[in-house]
Amino acid sequence: MLSTRNTHASLRWLGKQLFNREDPGAFFDPLLAVLNPMWVRGFVPARLLEVTDETADTRSFRLRPSPRWKGFRAGQHINIILEADGVRHHRTFTVASAPRQWDTDSTITLTVKRHPGGRMTNWMHDHLTPGTIVGISQAFGDFDLPEADVPLLYIAGGSGITPVLSHLMTLADRDFRAPVTLLYYVRTQADVIGAEILYALAARWPALTLHVYRTEEEGKTAFLNESHLDTVPGLRARQVYLCGPKGLMDLAGDLLLSFGIKDNQIQTTFFSAPSAVPADTPLGGAVTFGRSDKTVDAEGDAPLLEIAEAADLKPAFGCRMGICHQCSCRKTEGTVVNRLTGKASGPGEETIQLCISVPQGPVTVDL
Amino acid sequence: MTQQLTQQQLDELANDLDAIRDEVRADLGERDARYIRRIIRLHRTLEVGGRVLMPFGFIPPVFVAGVASLGLAKIIENMEIGHNVMHGQYDWMNDPSLHSQTYEWDTVCTGDSWRQTHNYEHHTYTNVIGKDRDYGYAVLRLSDDEKWHPLHLLQFINYVMLTVFFQWGVGLHELESERIRRREIKLSDKKGFLKDFFRKGGRQAFKDYVFFPLLTFPVFPIVLAGNVCANLIRNLWSSTVIFCGHFTEDAETFTEASIEGESRGHWYLRQLTGSSNFTGSKWVHILSGHLSHQIEHHVFPDIPAHRYREIAPRVEAICHKYGLKYNTGSFGKQYWTVLKRIGHYSLPDRVRMKLEAQAA
């Protein structure tokens, strides 16, 4: 997904013979990175142009991807590749800008909130400065706009507003005529992300009704409840988009059902990066083998290699004592504890040794 | 011979070494990433330089420069990048181009075959006669655990052949030709391996002996000769470095019985006493892929190799603490003991013992 291979098949075959790799173009990356980091082939490079403060803990990063980037639809996400302390990290963010911005000046904006205890969101705030080159993936996700002008309801919380911003700007541009209501839940008025854009849209685009609920300022009644939904005219006919913290999403889902809205009317999307499990989480947990589409429950300090074998999978292995790395594979989600060092991993995607990795909470492995 | 350590001492030994490993692991970061990227940049520069210079090899100094450049590129790629990356030394960087299980190196042996025979078999069963097939590569007799045979008299020729064609020897290692000869396995059992071997070997030969010479057609004999020389230099150097790592005079061997149900401490002991280092300048270390620190490498195969130089004094101190020999010496001295060992064990046991008695 990250390497771009748009070269001719025979050229690619030759490249494979000469450079012993599936992505021969990337062979020269170490040299290209010195000449011009925007020329590398191993991933799509993007130059950070500008960092702006949205709120006290949220910043927007405006990026110019290399021309190889294929663009995106409103509501889609990208993975961003960052290198912190020698380690490559992948994190998923929603593009907060509208596709029109990409069409006009070839830039996109990511809006990132500091995640309490989160490693990379804080790192991005503290270390990313204009001029830095980061890697990005092609866009993905299907939190798509409706094709026809049907009435819409958006329910967003905190930084879950980012795909909604992209949607609303795009809808306003296309002069969307059906009613659009946004219920936006924030802690205080100062936590409203994209405030300028939202209020400007509400002022110039008559279809939009904007309600901002401040949960810390207005007290209990500001949390999503039936009375909020009562204010939405023609609720049952609306198509609903949800994006926010899990608590809000669950609550919204239940309420909407009680209002007679069907599941197929509701679209939800990814909200935030997975967070690390608390250190005192017991070992074991639900282990999902992504490629084989299998999930098993593991208990105690059984390593993933044994768990996989017990589930009738046949992963490659060697020494079974953490030396030879024959069993190394990708963990896509979850925390594992290294048996040799006793240290817990991060929650994101990384390479682990199956024979000495013990799950701590739910884990997904690419097996 | 191996010091007899008690189980308690072995456990302490394991704890002492684990402490070093944990400390280095916790410290891995920016510095290590920068190091390996610099080495990779150097490799790309030398490889491009060598390929560009080679067609102008009709000017003798340019030929020498081209061969040196490409030879060094292959050495650095095999020793300091490929071998170490495939050990998982840089897996923590989470960079797919430096991932141990998918890296493919610039030599005949496939990455998969190497990971099986070297990372797993050799590093797990180090110097266990009968289980570690790297011990003499099944063509050399290097200890009296193996019975003498008159053909061993000629093993010096085997050695020269092995070192000249080292990349092909390593590539064919997994074939286990000695077991096929003994009819323990059939050639057809190795069909999958042979397919991969021919694909990768063909690819390597195509690149160096067909593609680049043809690309520079009017001067193809020069380019062909230059590429042969570059491969030869790499073969000689890498085989010599590897031989100095386990076949020196005092490097110990072990029996299969001695490793039954072995503890982590005993595994460490085997790595310490079965390996040998050699000394040299910074560039000798880099070009050997830090296998000049074979002892540290065997104890900590998945720690970035440029760290071995830094932790060597502490590993040596641990050896002294437990009364173990820390086998090191100059490159020349260590290599001489390798040649002596190959020579000695080519002789019938009676003659060899007489010689050894005389020398003592």
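Because only heavy atoms are used, hydrogens play no part in the values below, and waters and symmetry mates are left out as well, while side chains stay in. Just so we're on the same page: letters track the sequence lines, and every chain starts at 1.
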Under 4.5 Å from a heavy atom of chain B, the part of Phe27(A) involved:
both
Go through the atoms of Trp105(B) and report whether side chain, backbone, both or neither lie under 4.5 Å from a heavy atom of chain A.
backbone
Relative to chain A, which segment of Gln116(B) carries a heavy atom at a distance below 4.5 Å: side chain, backbone, both, or neither?
both
Does any heavy atom of chain B fall under 4.5 Å from the side chain of Gln353(A), the backbone, both, or neither of them?
side chain
Ion pair check, Asp27(B) and Arg307(B), cut-off under 4.0 Å:
yes
For Arg25(B), which atoms come within 4.5 Å of any heavy atom of chain A: side chain, backbone, both, or neither?
side chain
Choice from Arg44(B), Met86(B), Arg37(B), Met93(B) maximising heavy atom contacts with chain A below 4.5 Å
Arg44(B)
Which residue out of Asn20(A), Ile352(A), Val34(A) racks up the most heavy-atom pairs below 4.5 Å with chain B?
Asn20(A)
For Phe212(B), which atoms come within 4.5 Å of any heavy atom of chain A: side chain, backbone, both, or neither?
side chain
Among His123(B), Gln204(B), Arg21(B), who wins on heavy-atom pairs under 4.5 Å with chain A?
Arg21(B)
Do the side chains of Lys74(B) and Asp208(B) get nearer than 4.5 Å, heavy atoms only?
yes
At a heavy-atom separation under 4.5 Å, does Leu340(A) approach chain B through its side chain, its backbone, both, or neither?
both
Under 4.5 Å from any heavy atom of chain A, what part of Thr102(B) do you find: side chain, backbone, both or neither?
neither
Can the positive tip of Arg91(A) be found less than 6.0 Å from the middle of the six-membered ring of Phe93(A), inside 45° of the ring normal?
no
Minimum side-chain heavy-atom gap Trp39(A)-Phe28(A) below 4.5 Å
no
Non-hydrogen side-chain atoms of Asn84(B) and Ile36(B) separated by less than 4.5 Å:
no
With no hydrogens and no angle check, do the side chains of His173(B) and His118(B) hold a donor and an acceptor under 3.5 Å apart?
no
If you tally heavy-atom pairs under 4.5 Å between each of Glu104(B), Lys200(B), Glu47(B) and chain A, the highest tally belongs to Glu104(B)
Between His325(A) and Asp91(B), do the side chains contain an N or O donor and an N or O acceptor separated by less than 3.5 Å?
yes
Pick one of side chain, backbone, both or neither for Arg34(B), based on which atoms fall under 4.5 Å of a heavy atom in chain A.
neither
Heavy-atom proximity to chain A below 4.5 Å, by part of Arg264(B)
side chain
Engaged part of Asp95(B) at the chain A interface, taking heavy atoms whose separation is under 4.5 Å
both
Counting heavy-atom pairs under 4.5 angstrom with chain B, the leader among Arg330(A), Lys343(A), Arg21(A) is Arg330(A)
Does Tyr103(B) reach the side chain of Ile81(B), with side-chain heavy atoms less than 4.5 Å apart?
yes
Name the region of Arg115(B), side chain, backbone, both or neither, that has any atom closer than 4.5 Å to a heavy atom of chain A.
both
For the pair Glu262(B) and Lys131(B), find out whether any cationic side-chain nitrogen is under 4.0 Å from an anionic carboxylate oxygen.
no
Describe, in one word, how the ring planes of Phe72(A) and Trp69(A) are oriented to each other, choosing from parallel (under 30°), tilted (30 to 60°) and perpendicular (over 60°).
tilted
Side chains of Arg234(B) and Glu77(B) in contact at under 4.5 Å (non-hydrogen atoms):
no
